[in-house]
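Inspection log for the structure reproduced underneath, given as structure tokens.
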Amino acid sequence: MIMKKSAFVLGMGVLLSSTEGMAHDHHHGKPLTEVERKASEGIIDDKDVRDRLLSDWDGIWQSLNPLLLNGDLDPVLEKKAQHGDKTVEEYRAYYKKGYATDIDTISIENNVIEFHTGKTVTRCRYDYAGYKILTYASGKKGVRYLFECKNAQSKAPKFVQFSDHIIAPRQSLHFHIFMGNESQQTLLEEMDNWPTFYPYNLNKAQIIDEMLHH
């Protein structure tokens with residue numbers, strides 16, 4: 001069943017409560033196991049990867065792109081420059097390409113994903129299509145969880161992939177999303193553009209805090 005706009009509005013209170021819980025769990029929830037901690041750093045044993053339900057990403061999510069473009073994420077870039085191999089401006093350029101998207105918010109509930117761009121909303125029910133384990137040029141690994149919209153009438157992306165540094169069932173705390181209409185394989189080859197979303201209820205200061213201490 002396709003989620004109606006009214007259902008989305010009515011459900012916002014419930015979803016916001018759930019995203020609050022997710023943000024809270026980042027600090028006070030079930031601690032990461034050693035396997036989960038290593039996976040978050042890109043060290044993954046393939047045998048530890050498990051299937052996940054779309055409900056792991058339930059909630060309402062906001063794009064980081066506006067925060068990057070208006071300078072709110074500068075403290076994060078500055079910290080990265082202190083410890084990384086790029087200058088602040090080089091990191092800014094890297095994330096401008098990575099975070100680039102016209103989608104403002106994403107809501108996920110009952111296997112339906114809604115994409116909000118300004119006043120335009122597209123939605124579709126998504127079916128799970130498995131996962132792919134990727135090995136990057138750095139030697140580290142990542143897992144993408146694949147979902148597919150099979151409603152030909154929907155204007156939502158036909159193919160969607162989530163990457164959130166988690167490799168088994170667990171509620172997501174933020175995610176990178178890959179979207180397109182060509183094929184899952186085409187998206188798997190995308191390494192430069194990974195729109196990133198955090199819980200909608202977090203304010204700028206909370207997002208910066210999460211990113212600085214993640």
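The main-chain N or O of Ile166 is found under 3.5 Å from a side-chain atom of Arg52 such that the two form a donor-acceptor pair. Judged by distance alone, the side chain of Trp61 and the main-chain N or O of Trp57 form a donor-acceptor pair under 3.5 Å. In this structure a side-chain-to-backbone donor-acceptor pair under 3.5 Å is present from Ser154 to Arg123. The closest donor-acceptor contact from the side chain of Thr87 to the backbone of Glu90 lies under 3.5 Å. Counting only distance, with no hydrogens or angles, the side chain of Thr196 and the backbone of Trp194 share a donor-acceptor pair below 3.5 Å. Side chain of Glu190 to backbone of Asn193: a donor-acceptor contact under 3.5 angstrom is found. Judged by distance alone, the side chain of Asn151 and the main-chain N or O of Cys124 form no donor-acceptor pair under 3.5 Å. One N or O on the side chain of Asp56 and one on the backbone of Arg170 form a donor-acceptor pair closer than 3.5 Å. Judged by distance alone, the side chain of Asp45 and the main-chain N or O of Asp48 form no donor-acceptor pair under 3.5 Å.
Looking at Lys150 and Asp127, their side chains come closer than 4.5 Å, going by heavy atoms from C-beta outward. Under the 4.5 Å side-chain criterion, counting only non-hydrogen atoms from C-beta, Lys79 is in contact with Leu212. Counting only heavy atoms from C-beta outward, the side chains of Leu54 and Ile113 approach each other to under 4.5 Å. By the 4.5 Å heavy-atom criterion applied to side chains, Leu73 and Met211 are counted as neighbours. Taking 4.5 Å as the limit, every side-chain heavy atom of Phe197 sits out of range of all side-chain heavy atoms of Leu64. Counting heavy atoms from C-beta outward, Thr101 and Tyr99 have side chains that stay 4.5 Å or more apart. Side-chain atoms of Glu210 and Leu202, non-hydrogen and from C-beta on, do get closer than 4.5 Å to each other. Proximity of Tyr131 to Arg50: side-chain heavy atoms (C-beta onward) are nowhere separated by under 4.5 Å.
Note that CZ of Phe115 and OG of Ser107 are 9.0 Å apart. Values are rounded to the nearest 0.5 Å. Between the OH atom in Tyr145 and the CD1 atom in Ile167 there is a gap of 6.5 Å [rounded to 0.5 Å]. Atoms CZ and CG, on Arg92 and Leu77 in that order, are 5.5 Å from each other to the nearest 0.5 Å. Atoms CG and CD, on Leu146 and Gln161 in that order, are 4.0 Å from each other to the nearest 0.5 Å. Atom-to-atom distance recorded for Asn111:CG and Leu53:CG is 7.5 Å, nearest 0.5 angstrom. Note that CD of Glu114 and CD1 of Ile106 are 11.0 Å apart. Values are rounded to the nearest 0.5 Å.
Within a 6.0 Å sphere centred on CD of Glu182, other residues, nucleotides and ligands contribute 12 heavy atoms or fewer. For Lys204, the NZ atom sits in a loose shell: 12 or fewer heavy atoms of surrounding residues, nucleotides or ligands are nearer than 6.0 Å. No more than 12 heavy atoms of other residues, nucleotides or ligands shown are found within 6.0 angstrom of NZ on Lys132. Summarising the local packing, NZ of Lys80 is surrounded by 12 or fewer heavy atoms from other residues, nucleotides or ligands at distances under 6.0 Å.
Judged by the 6.0 Å and 45° rule, Lys86 forms a cation-pi pair with Tyr94.
Of all heavy-atom pairs spanning His165 and His176, the tightest one is NE2-NE2, 3.2 Å. Residues Gln171 and Ser55 come closest through the heavy atom pair NE2-O, 3.3 Å. Contact between Met191 and Leu188 at its shortest, heavy atoms only, is CE-O, 3.5 Å. Residues Gly139 and Thr135 approach most closely at O-CG2, 4.1 Å, considering heavy atoms. The shortest heavy-atom contact between Ile208 and Pro75 is CG2-CB, 4.4 Å.
If you check the side chains of Lys96 and Tyr91, you find no donor sitting under 3.5 Å from an acceptor. There is a side-chain donor-acceptor pair under 3.5 Å between Gln185 and Glu189. Ser183 and Thr186 share a side-chain donor-acceptor pair at under 3.5 Å. For the residue pair Ser172 / Asp164, a side-chain donor-acceptor distance below 3.5 Å is found, with atom types taken as modelled.
In summary, the aromatic rings of Phe175 and Phe162 are positioned with their centroids under 6.0 Å apart.
In terms of hydrophobic clustering, with Ile, Leu, Val, Met, Phe, Trp and Tyr side chains grouped at heavy-atom distances under 4.5 Å, Val35 and Val143 are assigned to a common cluster. Note on Leu68 and Val88: same hydrophobic cluster, where clusters join Ile, Leu, Val, Met, Phe, Trp and Tyr whose side-chain heavy atoms are under 4.5 Å apart, directly or indirectly.
Using a 4.0 Å cut-off between charged nitrogen and carboxylate oxygen, Lys38 and Glu41 do not count as a salt-bridge pair.
Put simply, the residue from Leu134, Ile133, Ile177 that forms a side chain to side chain contact (heavy atoms under 4.5 Å, CB included) with Arg144 is Leu134. Exactly one residue among Tyr126, Tyr128, Phe178 makes a ring-ring contact (aromatic ring centres under 6.0 Å, His included) with Phe147. That residue is Tyr128.
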Inset, instruction - Would you please test Gln62 and Asn201 for side-chain contact (heavy atoms from CB on, under 4.5 Å) and show each step? - result: CA-CA 8 Å; Gln62 61 177 308; Asn201 69 297; over 6 Å; no

Inset, instruction - Go through the steps to decide whether Gln206 and Asp209 satisfy the test side-chain contact (heavy atoms from CB on, under 4.5 Å), and finish with yes or no. - result: CA-CA 5 Å; Gln206 289 170 317; Asp209 180 68; 5.5 Å; no

